[in-house]
Amino acid sequence: MNQKQPLVRMENIQKRFGKVRALKGVDFEVYDQEVVGLLGDNGAGKSTLIKILSGVYQPDGGTIYFQGEKVKINSPEEARQLGIETVHQDLSLVEKMSVARNFFLGKELTKEVGFIEILDLTKMNYECMRGLKQVGVELRSPTEFVSTLSGGQRQAIAIGRAVYFRARILILDEPLRNLSIREQRTTLNHIQEARNKGSSVIFITHNVYHVCPIADRIVLLENGEKLGEVKAGELTPEEIAECIATGKMIKEERKNG
Amino acid sequence: MLIVPNQEEIAHHTDKTTPFKWSFEELRKIPEFGALVAFLALFIFFALSAPQFFSLRNITSLLTIIAELGIMTVGESFLIIGGEIDLSVSGVYAMAGFVFVTLANILTFPFGSLLAFIIALLVSLLIGFINSQVVLKGSIPSFIATLGMMMFLRGILLGITGGRSISYAGDRLVPTLLTGIMAYRFRPSHFWFIAIVIIFSFILNRTIFGNRVFATGGKKLAAYTMGVNVNRVKANCFMISSTLAGLSGTIAISRFNLANVSFGQGMELEAIAAAVIGGTLMSGGYGSIIGAALGAGIMGMVRTGLVMAGVPSYWYNAFVGIILVIAAIVNLKLRSTILGE
């Protein structure tokens, strides 16, 4: 897999907030239809790294290549135009709006009436239900307010939206946090579904047990630096947790011993 | 349980997929429901307690007051839904009035008042733009920024005029178009008000911009991460609020033929109260323009209705205060299930 050109490659990414160096030159790449776990303790720089990829932050140094081409991602709008869809922790849906209005936020469907461009609410409602059905999400009505839905349903809508817009890269920030066991399993299924439909997935978490069942590759961040990476099955979840706890990779030791 | 709506079913209900049922659960989802009930209840109450209340003459004079407050309230509601607040609207109201009168008095060529009117609206627009930039670039709450703007505008007017009123001596074109008396004492401002309510209600509910106003006011960061230029949305809302306040001011000045520094003092709080009574949540992201109009209607009715019912007009604020608080509580209760608050 590593012989192929990565879909996105982030090189030597640096970011500082005041005196804090959140990222000290991180390399990170994602290949086609791959689920990458981005793992690290709180404050390791995971969220900062993906916020740079999703256009929320601008890096202080480093380069991003998208399909081999150097790009600058100046805003979430530009990230979405590249096909980078992000499900931020608690930040992807507006609770006081309907599901359908949320679903198409930033990419609203319109029709022309005379010279005026107006929202095509009929189509938005229909397409929203159709798009959600594709990832197996069941909702009573697209006009329901998001505030009335459970955490799992909200996560499903955010993921369903990314799949609907054919995300090249789907970034999920702690997608299983605050979900029940059953909702966690459903969300993992939605992520598989997204990958099967052609998306690459970046799965950010600090819980190794969340990401192990699904990731093809796990990248470990520690203190704003890349600690190392593990392919699926190379290490047990316990061993990976040990790497994070000690800040040392144990892959080499095991190979030698 | 999955109900996939079919195309035909949707076609009959623009923003709904299930047929509308006349149940309280459905009715309370309409943002202006509470305001409509209160409006009708007060109307019936005053019509019963004061016989002349339900006369054409009173209705039209009521509409004149409601239109001027209502146009300001529509703009204020738009901005509150977008997640900000504008306390400078009454200052803009007075400033626009002064600019209009002063320029119309100077521009004596034909239709000079029209040019004066356009400049007055542009000045209002500019003040809204400055408000937005102070709030967004300065990262300070809009409450503070626009409070400062209100004091600044009033201060300028007082400084320039020394507290003296200025009479309108320009041509009659704009005053006639805005507020000239028509048949049955209707005035054009009544119709301008209705047109503005329809247009801005449409913009809020049926355009991309409106969708993004809800999103920006409801959850700014979510809107931003979904690619919405939240600063541009907010700036536009500030300009709408300010321009409508300016329009309201020019209408009122045209009616009085006089501009005075204390003109419209405290009106920003009336507009905010009317917006809240109309079902708009101060936390942003939820509200209605038609509700705003009904809120302004309630305020206007209370003002004239009390006098007609024999209550001294001094009691007006006391009544509005009670209505405001009750409306805020009722509206929140009505919203509790859909907003999860």
Side-chain angles (χ1 to χ4, degrees), chain A residues 51 54-56 75-81 85-88 90-98 100-110 113 116-126 128-130 132-133 136-149 158 161 171 173, chain B residues 1-18 20 26 29 31 81 83 199 202-233 281 283-287 335-341:
Chain A
K51 277 183 174 151
S54 61
V56 176
S75 70
E77 199 177 355
E78 289 182 24
R80 290 193 84 190
Q81 277 160 8
E85 296 277 342
T86 313
V87 179
H88 292 277
D90 305 323
L91 272 185
S92 285
L93 299 171
V94 184
E95 285 85 355
K96 290 179 216 172
M97 284 171 84
S98 76
R101 280 175 176 267
N102 263 291
F103 198 87
F104 289 99
L105 180 57
K107 291 188 174 181
E108 292 87 349
L109 303 178
T110 57
V113 176
I116 318 167
E117 200 185 14
I118 68 166
L119 291 180
D120 193 342
L121 291 169
T122 310
K123 198 171 175 196
M124 277 164 61
N125 288 338
Y126 180 77
C128 165
M129 288 305 259
R130 196 177 66 82
L132 289 176
K133 197 189 168 194
V137 181
E138 305 178 357
L139 278 187
R140 264 209 318 272
S141 156
T143 58
E144 260 187 294
F145 274 49
V146 168
S147 55
T148 63
L149 305 176
R161 173 171 62 187
I171 303 173
D173 195 356
Chain B
M1 182 184 64
L2 174 65
I3 299 170
V4 181
N6 60 51
Q7 286 281 19
E8 234 174 83
E9 193 181 8
I10 294 169
H12 292 105
H13 308 279
T14 42
D15 210 349
K16 309 232 180 322
T17 50
T18 46
F20 186 82
E26 290 294 320
K29 286 183 189 165
I81 294 167
I199 290 168
F202 183 84
I203 291 174
L204 185 62
N205 294 306
R206 289 286 184 272
T207 66
I208 290 181
F209 172 62
N211 201 46
R212 295 176 179 189
V213 169
F214 277 122
T216 303
K219 202 168 179 184
K220 194 175 102 178
L221 271 171
Y224 177 66
T225 58
M226 292 318 294
V228 173
N229 187 338
V230 290
N231 283 356
R232 196 166 61 200
V233 168
L281 293 184
S283 51
Y286 190 88
R335 306 286 103 81
S336 58
T337 50
I338 51 169
L339 295 179
E341 278 168 4

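Each chain gets a letter, A, B and so on, in the order its sequence line appears, and its residues count up from 1.
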* Interchain contact, A/S54 with chain B, by part (heavy-atom threshold 4.5 Å) -> neither
* Asked: Looking at B/T225, B/T207, B/N211, which makes the most heavy-atom pairs under 4.5 Å with chain A?
  -> B/N211
* Asked: Going by an N to O cut-off under 4.0 Å, is there a salt bridge joining A/E85 and A/R161?
  -> no
* Take A/R101 and A/V94, measure what side-chain contact (heavy atoms from CB on, under 4.5 Å) needs, and give me the verdict at the end. => CA-CA 9 Å; A/R101 280 175 176 267; A/V94 184; over 6 Å; no
* Asked: Is chain B contacted by the side chain of A/L105, its backbone, both, or neither, given a heavy-atom distance below 4.5 Å?
  -> both
* Proximal component of B/F202, with respect to chain A [non-hydrogen, under 4.5 Å] -> side chain
* To do: Identify which of B/G284, B/G285, B/G227, B/G217 forms the greatest number of heavy-atom pairs closer than 4.5 Å to chain A.
  => B/G227
* So which heavy atom on A/A158 is nearest to which on A/V87, and how close? -> CB-CG1, 3.6 Å
* side-chain contact (heavy atoms from CB on, under 4.5 Å) between A/R80 and B/M226, worked out -> CA-CA 8 Å; A/R80 290 193 84 190; B/M226 292 318 294; 3.3 Å; yes
* **Portion of A/K51 that has a non-hydrogen atom of chain B nearer than 4.5 angstrom** => neither
* Structure fact -> Minimal heavy-atom distance between A/M124 and A/F104, with the atoms involved, is O-CE1, 3.2 Å
